[in-house]
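Values below: every heavy atom of this structure, side chains too, minus hydrogens, waters and symmetry copies. Throughout, a chain's letter reflects where its sequence line sits, starting with A, and its residues are numbered from 1.
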Amino acid sequence: MSRDEVADDKGFEQFEKFLEAWSRRDFLKRAGGAAAYMAFLGGAVEFLDACAGNPNTTTTTAKKGGHVVEGNFSDIRTLNSMLSSDTASNQVIGLMFDGLLNYKKSGDLIPALAADLPKQSADGLTYTFKLRPNLKFSDGQPITSDDVKFTYQLAYDPQYADVASPRRGDLSKYIASIDTPDPLTVVIKTTQVFAPFLASHGLYGILPKHVLGSLSAKAINTADFNTAPSVTSGAFKFVSWEKGQQVTMARNDNYWAGAPYLDQWIYKVLPDSVAVTNQLKTGEIDIGPVDPGQFDALRTTSTVAMSEFGVPTFTFYAYQLDPTKPAGPLFQDKAVRQALLYALDRQSIVTAVFFGHGQVANSVEPPISWAYKDKPQVVVGFDKAKAESLLEGAGWAKGSDGIRAKNGLKLKFTMITNAGNKQRESMLTVMQQAWHDIGVEATPSLIQFPQLVSQIVSIRTFDLFLVGFNWSADPDVSPLYHSRNAVPGGFNGADFKNDQADTLLDQALNTLDRTKRKQLYGQFQDLMSDLQPSPVILFNKGIYGVNTRVQGTDFGPFNQFAQRPWNHGVWVTDGK
Amino acid sequence: MTQPLLEVQDLHTVFSTKEGWVKAVDGVSFELHPGETLGIVGESGCGKSVTALSIMRLQRPGLIKSGRVMFKGEDLTKATEAEMREVRGREIAMIFQDPMTSLNPVFRTGWQVAEPLRLHHGWNAKKSLTSAINMLGKVGIPSAVDRAEDYPHQFSGGMRQRVMIAMGLTTTPEVLIADEPTTALDVTIQAQILDLLRHVNQEFGTATILITHNLGVVAGMCKRIIVMYAGRIVEAGPTTDVFAHPKHPYTWALLRSIPRLDAERHEPLKPIDGLPPNLVDLPSGCAFHPRCAFKIEKCSRDVPALQRVGDTQLSACWVTQAGTELKGA
Amino acid sequence: MLAKYVARRFLASLVVVLGVTLITLVLMDRTRGTYVPGIDLNPALRPEDIARLRADLGLDRPFYIWYLTWIWGVVHGDFGRSMIDGSTVMSHILDRLPNTLELTGTAILIGIVIAIPVGVIGALRHGSKADHTLTVVSVAGFAVPQFWMGLILILIFSVTLEQHGLPWLPSSGAYSAVNGGDFIDRVEHLILPATVLSFFYMSTWSRFIRSSMLEVLSQDYIRTARAKGMSERRVVYLHGLRNALIPLVTLIGLELPGLVSGGLVVEVVFGWPGIGKLAFERALQYDYTTVMGVTFFATMLVIAGNLLADLLYGVLDPRIRYS
């Protein structure tokens, strides 16, 4: 939560609502622990600061005009919401295309093009959306239920099978049909109860059927629209894309929530996090993601305000669980898996590698999730003695060379991660040292990112890998932990197969009752805390730097890159 | 006797080396009269080229330690660089041994020959080129108009040397110094070039200094001759007199060493014993004495001065100054 | 005569292009493993989506089939689409090539403009303090890694200057994000990266000019020139430098291929939207089509550069003429 916002009236209101919302949250009651407290503290400190008098707040009336330059590391790939899968593209698409729904920064769903959250049928299979009246594309054409249906068809309808949508797998599996009884009504029927349906598939930017409808499926893949959308449904419309440099967008006067204050929004490609810091300082960019290592460098810059919040991004490592692989036998016993985790001082990793901008996790669910269980059945802290006693108890005795062995098999393995990521490289070094201290020989090995992905997804000859990942707003974690994703091509590279885990995950997907789901995920987290197949080292903190002339931003766990319902409300104090 | 055009007076030029100072020119004096042809003869390293370069003040990295070079009443050793630039290429011209490397490979020959005219007379490109072409014709280059557009590498050795001569003469200088002009050429061409130089001397009245180690070249070309050894003049005089009766053992030995067509078949050649001296560490007394067939005791002690020996010759030799004739097999 | 020579060189170059592109493809293919270009670790992607994408990109087929398909396209002027973003390879190249040429071209110009005087001074004053200083500076310019120099310059001329309220230089991109693109704006963005890049050229070429000049100044025709009575300046700069520059032209010509690839490190450090950066990023991501397209152009440029250098040499040195 940015300090500027707190200081003005509008912000005050929001803060009140924020507090209210918090008291309603289940996880605040349940958890009551570190996560909520820290986040609250963070907000409280900023609040107090702001109350003390913030010299950067100027006027409280939003000014029209001006531009914002937002920086990030990758160039976009496509501007078609149904073809994109990378963060950069989604970020820019989010500025230009609205979907039926959007997220609040907490991850809760709010209506966007839809007038309200959809009505759900009793059996949980049907979602009925009513669109807002008088919706218009940037060219003045009305946005109707036909456009919604057309957008989704590109991914699920067999007649559009040639469209290279990366979402075809899910959408064709879960969508049975989409009906449009009238221009303002969309009825989506799913094939089975799928809890994450709205959170995962309710936000796609709606595309203009009157522009793309006449194209064949193949032609849509290579349409000019994908790199230069002539018509948009969101806060901004497209002006230009200079490859490798920036995407320039201009105000969409036909936006349903009101025309944005800004004339232009520019997405600029930057080389690295140091460049973000430098350019935030010089003012070449107004907004940018701040690397934990750069936090201190920006703290003293008076023209940049930073906000920090928990995000569903995390770093974890996975043991090789396939007994047929060389290192498989080492990790079959959960005592070994737990012991190795006990030997790691994860808090010091957060301090040393992430400069304190991270949170040690007790669970595989992100602390910001409503399903998070802060005290699962087994809470693994830093306990070297416990680690060693677990290993001893499991029959791994130290040999003369200091390395533990059992039945002639040494507790010795290689850890891989991708080269070029300083944080992961450092983490491997820490792990190597920590495990060396308990008689385990773990050797770091750095490989290129594509090779790492290959290893995780198909080759799987690794002993142990370390990588980052992130979840969406829904607590479903099947991609990593369900056995069906252990097939080649899936992300369950550790080959974790557990019937109980599978059952819990499937049941949690199969009901829309949040209370029931929470309970199931609680049991799942208990199970995982005991089995520890792929321990999470930490959950990251997102940090955003915003120039003090920019007002109206409200970054949060789920309002980082793509889903930001407040884009149109951003304005600049100097009107430039 | 007319006034000398050029008078070198006790010139000393030295070079600094790791081993010490090298006295390349060690007290050289001579005169050059207008229209005269003078030959400077000696082995490689005897200082003849450095003498010529010193006259032009192009002796760098050497240093003119002392002495005077009087040219038309001015001492060139004291002239400013700007004054020397007026002299070089305009009043005193110099041509060098290897015409291939002595001509700039990237400029057309006509342009190079015309350059002194543009520099010294201020003529424009057209006028200077016309004059240059004219001169090229005069030195015997056929189709001079076309050839002026060619580059040096497109000429044969002899032709290139003609170009060099033309380049030296475009400004009708009063002195032409030719440093080993025929050494890099084969014998038949040598003769042609020498003819040309003779012709130029007669036609333009240019006083010529011809530097060479080849006595045969000197014989046909120069009226007077100077013999140098180890940086000093050891003998000087009219060419015919010096050749008929040399007054210095070195000259005598040089003349004797030339193979003769009328010698017996089995007769061995007569080279000069020993090696040329190390200029950093000269022998005491007469520099030639270690190799001299006539030396006396005095020769290793005292340096002989250049004195008149006979009617027309000068020699720096104790032996001949004492009256001894040089004879022997 | 000349046309024949150029034509012969061109035909030989086709063989080179084919060889280089084939080797490039083999290298990528052999190291790719099972990675599908453009796929990140995105929990929203299912195994069947990834498999379908792999098939669409033609990566299920052996590499030579892929290669032949690509060649067929190239012959028709179609360089295909990027495997990662679907944009045409041509659009990527055309968008970025001018930026690279702008950067490296400027760097080469700066390099020449500075290397010549530095080299000449070094030769004229060889052995002196000035010469030694210039030598140290030249070697330093060569030894200092470009990314380090780039970052230091950014720190000084971008961040620090701005903090002190002085006029400062931008640290990334070819022009300003907002209202940018005019000549002054582009020049401002060009200064830092071109300077860093030019250091390399400056150092090597100034050393080269120095030794070339020293060699030339010891030639007989320099002595002749002096004997003709011209000023030392004319001797050095007209008669001397003209000869000393000839081999430099060849050196510069051999740098022409570097016009495309030489600026890679600088492009990455300064976020310069050039073709080097593109190739670098896409090679790491196994974007076959883009990498092959860039390789094709780069090879053509190498060949053109060499040809140009040879032809220029012939123009400058009359001793060399081609038949």
Handout entry: Residue part contacting chain C, namely of A:Asn485, when any heavy atom lies under 4.5 Å
Key = side chain
Handout entry: Contacting moiety of A:Val467, where chain C heavy atoms sit under 4.5 Å
Key = side chain
Practice task
Name the region of A:Leu83, side chain, backbone, both or neither, that has any atom closer than 4.5 Å to a heavy atom of chain C.
Solution key: neither
Fill in the blank from the handout: So, the part of A:Thr222 with a heavy atom under 4.5 Å from chain C: the answer is both
Problem - Test: C:Asp85 and A:Arg77 ion pair at under 4.0 Å - result: no
Problem - Side chain / backbone / both / neither for A:Pro196 at chain C, heavy atoms under 4.5 Å - result: neither
Exercise for the section: Could you tell me the separation between the CG atom of A:Leu171 and the CG atom of C:Asp49, rounded to the nearest 0.5 Å? Expected result: 9.0 Å
Practice task
Any chance you could measure A:Phe491, atom CZ, to C:Ile50, atom CD1, to the nearest 0.5 Å?
Solution key: 4.5 Å
Handout entry: Side chain / backbone / both / neither for A:Lys173 at chain C, heavy atoms under 4.5 Å
Key = side chain
Problem - A:Ser165 versus chain C, the contacting section by heavy-atom distance below 4.5 Å - result: backbone
Exercise for the section: Under 4.5 Å heavy-atom distance to chain C, tell me which part of A:Lys268 shows up: side chain, backbone, both or neither. Expected result: side chain
Exercise for the section: Name the region of A:Asn226, side chain, backbone, both or neither, that has any atom closer than 4.5 Å to a heavy atom of chain C. Expected result: neither
Practice task
Under 4.5 Å heavy-atom distance to chain A, tell me which part of C:Ser176 shows up: side chain, backbone, both or neither.
Solution key: backbone
